[in-house]
Amino acid sequence: MSSQIAVKVRFYSPPEDLRRYFTTFYHTTIDLPEGATVKDALQPEWANLRVFSGGTPTAWVEGGPVLTGSRMVVTGPSSKAINFEIPATRMWGIGLLPLGWARYMPREAALCANSLTCGYEHPDCAPFRVLADKVFQGEPCEEAELARIIAFFRSFPPAKGLETDRILRIHNAIVDPAIGNVRELVDKVGMGQRTIERTCSRAFGFSPKVLLRRQRFMRSLTQYMLDPSLKWIGAIDSQYHDQAQFVRDFHEFMGTNPREYAARPHPILNRFMQERMRMHGAAVQTMDRPEGTSPSSVDAPANAA
């Protein structure tokens, strides 16, 4: 079946005025034989809005309820694998950075962590239904569809009480590989721990401790996925005390162990990570910097902005 799967994905960096709110906008086409589906699992990531034209996914967070038949799937920040099975389809994905969540979503991120929601059913997602209904209008045209996404978010009403500086400072500390514990994060950010915890609950979805553990884990997993020749021992982040600690985190974040995970096919995820690294300079969302773009990223074409 793997030889019959064709996955095309293109990542676009948001224009400058939206860059601090979004990871990327990304367009995907999955071609499969009629009636066939493909399975894979997303790694822990920031929140996403995904709109489908054609087939829709069957998806579930590890250990959670199954979502089926939704043309607009909204996921909160995750610390667990998101499993999915999907037929042939075309999709636009919109990755929300923590500041983007605080800017566009009314509910605390912690209340939506590790959740999958049909955007046509949850009241918090009502503003996005206009975008979901019109993004695929007319003949398929990536540039026109991207322009609709950008125009939609530019027209969004201004947010009130957005703690921009606070969120960006915390995010900057979280993605710093030298920061290994909450005490170091507090020192780096220069805020009280309770203030940091409150801001993390609103915009990031998890406690500072969980966010740092997730970051350490994702640095390790990303290293391995991009270069399996390292083997797990060569990919483990320096913040880990030993391999046993990494294996415990693997079970918690992915619901399996490293060996079992490596043995599974990842036909969608491998393609996404390779192309995202090539075009954006970071293979996964959790490696994106607070301003939304890695220093080595490649910007979207001028006509996309």
Side-chain angles (χ1 to χ4, degrees), residues 8-30 42 45-54 70-77 89-106 109 117 119-120 122 124-160 162 164 167-168 171 203 272 275-305:
K8 299 177 182 177
V9 58
R10 181 169 176 83
F11 291 90
Y12 296 92
S13 293
E16 188 65 34
D17 59 316
L18 296 178
R19 192 160 292 172
R20 60 175 52 188
Y21 304 122
F22 300 98
T23 57
T24 59
F25 304 137
Y26 48 103
H27 177 267
T28 306
T29 301
I30 301 174
L42 300 173
E45 59 182 8
W46 297 123
N48 279 264
L49 188 157
R50 296 178 173 98
V51 184
F52 299 87
S53 175
S70 176
R71 286 199 306 109
M72 177 171 56
V73 177
V74 182
T75 60
T89 194
R90 201 158 71 89
M91 179 198 81
W92 273 100
I94 297 161
L96 284 164
L97 288 164
L99 184 62
W101 181 278
R103 166 72 175 86
Y104 293 103
M105 300 297 289
T117 301
Y120 283 97
H122 199 289
D124 287 351
C125 303
F128 304 111
R129 292 170 196 165
V130 173
L131 175 63
D133 286 340
K134 72 178 185 179
V135 67
F136 290 112
Q137 282 180 352
E139 291 296 315
C141 176
E142 219 169 298
E143 291 183 358
E145 291 160 1
L146 176 62
R148 291 182 196 125
I149 293 170
I150 291 171
F152 173 82
F153 285 107
R154 279 179 170 161
S155 68
F156 223 79
K160 296 180 180 179
L162 190 61
T164 299
I167 292 170
L168 292 179
H171 192 170
F272 268 56
E275 188 65 9
R276 196 180 198 277
M277 187 68 187
R278 186 183 73 83
M279 295 190 68
H280 189 62
V284 295
Q285 287 186 350
T286 48
M287 297 297 113
D288 280 357
R289 296 174 180 272
E291 293 296 336
T293 306
S294 171
S296 59
S297 70
V298 178
D299 283 348
N303 59 11

Under the side chain to side chain contact (heavy atoms under 4.5 Å, CB included) criterion, do Glu45 and Thr23 qualify, and how do the steps go?
CA-CA 10 Å; Glu45 59 182 8; Thr23 57; over 6 Å; no
Show the numbers, then the answer: is there a side-chain hydrogen bond (donor to acceptor under 3.5 Å, both in side chains) between Glu142 and Tyr12?
CA-CA 11 Å; Glu142 219 169 298; Tyr12 296 92; 2.5 Å; yes
Please determine whether side chain to side chain contact (heavy atoms under 4.5 Å, CB included) holds for the pair Arg154 and Leu18, giving the CA-CA distance in whole Å, both sets of side-chain angles, and the decisive distance to 0.1 Å.
CA-CA 8 Å; Arg154 279 179 170 161; Leu18 296 178; 4.1 Å; yes
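Taking the salt bridge (Lys or Arg N to Asp or Glu O under 4.0 Å) definition, one finds that Arg90 meets it with Glu145, sequence neighbours left out. Partners of Trp46 according to the ring pair (Phe, Tyr, Trp, His ring centres under 6.0 Å) rule, which considers only residues two or more places apart in sequence or in another chain, are His171, Phe204. Residues satisfying the side-chain hydrogen bond (donor to acceptor under 3.5 Å, both in side chains) test with Arg276, not counting sequence neighbours, are Asp288. Under the ring pair (Phe, Tyr, Trp, His ring centres under 6.0 Å) criterion, Phe152 pairs with Phe156, not counting sequence neighbours. In this structure Thr89 satisfies the side-chain contact (heavy atoms from CB on, under 4.5 Å) test together with Ile30, Phe52, Ile86, sequence neighbours excluded. The side-chain contact (heavy atoms from CB on, under 4.5 Å) test applied to Ala283 returns Thr222, Leu226, Met273, Met277, not counting sequence neighbours. Applying the salt bridge (Lys or Arg N to Asp or Glu O under 4.0 Å) test to Arg103 and every residue at least two apart in sequence or in another chain returns nothing. Applying the side-chain contact (heavy atoms from CB on, under 4.5 Å) rule to Ala144 yields the partners Cys141, Arg148; only residues at least two apart in sequence or on another chain are considered.
For the atom pair CZ of Phe22 and CZ of Phe153, the computed distance is 4.0 Å after rounding to the nearest 0.5 Å. Between the CG atom of Leu96 and the CD atom of Gln285 there is a distance of 8.5 Å, given to the nearest 0.5 Å. Atom CD of residue Glu291 and atom CD of residue Glu16 lie 7.5 Å apart, to the nearest 0.5 angstrom. Summarising the geometry, atom CG belonging to Leu97 is positioned 11.0 Å from atom CZ belonging to Arg20; distances are rounded to the nearest 0.5 Å. Phe25 contributes atom CZ, which lies 6.0 Å from atom CD1 of Ile150 (distance to the nearest 0.5 angstrom). Atom OH in Tyr104 sits 12.0 Å away from atom CG in Leu49 (nearest 0.5 Å).
Summarising the geometry of Cys125 relative to Met72, their closest heavy-atom pair is O-CE, 4.3 Å, with the distance given to 0.1 Å. Closest non-hydrogen pair, Tyr26 versus Ile94, comes out as CE2-N, 3.8 Å. Considering every non-hydrogen atom in both Asn48 and Gly95, the closest pair reads OD1-CA, 3.5 Å. Closest approach of Trp101 to Gly76, counting heavy atoms only: CZ3-CA, 4.2 Å. Nearest heavy-atom pair, Phe272 versus Met91, reported as atom, atom and distance to 0.1 Å: CZ-CE, 4.4 Å.
Put simply, the side chain of Arg19 gets close to the backbone of Pro14: a donor and an acceptor are under 3.5 Å apart.
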Sequence neighbours left out, cut at 3.5 Å: what donor-acceptor pairs do the side chains of residues 131-139 make with other protein atoms?
from   : atom 1 : to     : atom 2 : distance (Å)
Asp133 : OD1    : Arg71  : NH2    : 3.4
Asp133 : OD1    : Tyr120 : OH     : 2.6

